[in-house]
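Counting starts at 1 for both ligands and their atoms, following the listed order. As the structure is a prediction and not an experimental result, all values here were calculated from the model. Computed from heavy atoms alone, side chains included, the values below leave out hydrogens, waters and symmetry copies.
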Amino acid sequence: MPDFLHKPILTGDLVVLRPVTEEDVPALLPMFEDAEANRLTGNHAHFDEAALRKWYGSRGDQDDRLDLAVVERATGRVVGEAVLSLWDEPNESCSFRIGLVPDVVGRGLGTEATRLIVGYGFGSLGLYRISLEVYAFNPRAHRAYEKAGFRAEGVLRGALLWEGERVDATVMSVLAPEWPAG
Ligand SMILES: CC(C)(COP(=O)(O)OP(=O)(O)OC[C@H]1O[C@@H](n2cnc3c(N)ncnc32)[C@H](O)[C@@H]1OP(=O)(O)O)[C@@H](O)C(=O)NCCC(=O)NCCS
């Protein structure tokens, strides 16, 4: 039985992943306020700071998901979050998502953070399958996931309606027997 209540610290070369808290909200705000970040994640919702504080302040109590802050080791700065959620207990699966603040993308932090939390999902939580969705207009994310070991397995056609245009989403996954991968 996976112990999602235990919130680990996962250390890589570039980043450390540790439990996210309410105090991380100011650092994470650019992820929610940047128009391009919202487009890439297909986020239609608007979150105010109070709602975000409530959300991040309660992540440590969740026994069915894992929300970790991504901290850049070189600066000690919180630069994003990495999440295993939508735990499907009978099938030993989870969804994965990650977001970084706009000014740190493209430096390898996302790929490493993905490898760290996915490795934890397989090695410590005992998951069999971890999957995600990435929009067709986000080749950087697609590439980062591929480097971390995810494989494309299908397309959800027209899954997102963004500013009048229908956008496909690619489903990607990685399975425990394939790990370590990428
Ligand atoms: C997605 C995300 C986590 C990836 O992390 P990252 O640190 O930016 O990615 P990395 O630097 O580790 O890797 C990016 C890869 O994409 C490649 N890349 C960048 N732009 C690209 C493009 N337009 N087309 C193809 N590949 C591209 C880079 O060259 C690199 O691959 P390489 O190492 O083979 O050269 C991060 O960019 C992010 O948070 N973006 C904003 C929100 C978002 O898109 N979230 C994901 C929603 S599914």
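In this view, R59 satisfies the salt bridge (charged side-chain N to carboxylate O under 4.0 Å, His left out) rule with no residue, not counting sequence neighbours. Residues passing the side chain to side chain contact (heavy atoms under 4.5 Å, CB included) test with T11 are I9, V16, R73, sequence neighbours excluded. Remark: E22 engages R53 in a side chain to side chain contact (heavy atoms under 4.5 Å, CB included) (not counting sequence neighbours).
A donor-acceptor contact shorter than 3.5 Å is absent between the side chain of D34 and the backbone of M31. With hydrogens and angles disregarded, no donor-acceptor distance shorter than 3.5 Å links the side chain of K7 to the backbone of D61.
Both tests do not hold together for R65 against F4: distance to the six-membered ring centre under 6.0 Å, angle to the ring axis within 45°.
Every protein residue with a heavy atom nearer than 4.0 Å to ligand 1 is included here: L40, T41, I98, G99, L100, V105, G106, R107, G108, L109, G110, T111, E133, N138, P139, R140, A141, R143, A144, Y145, K147.
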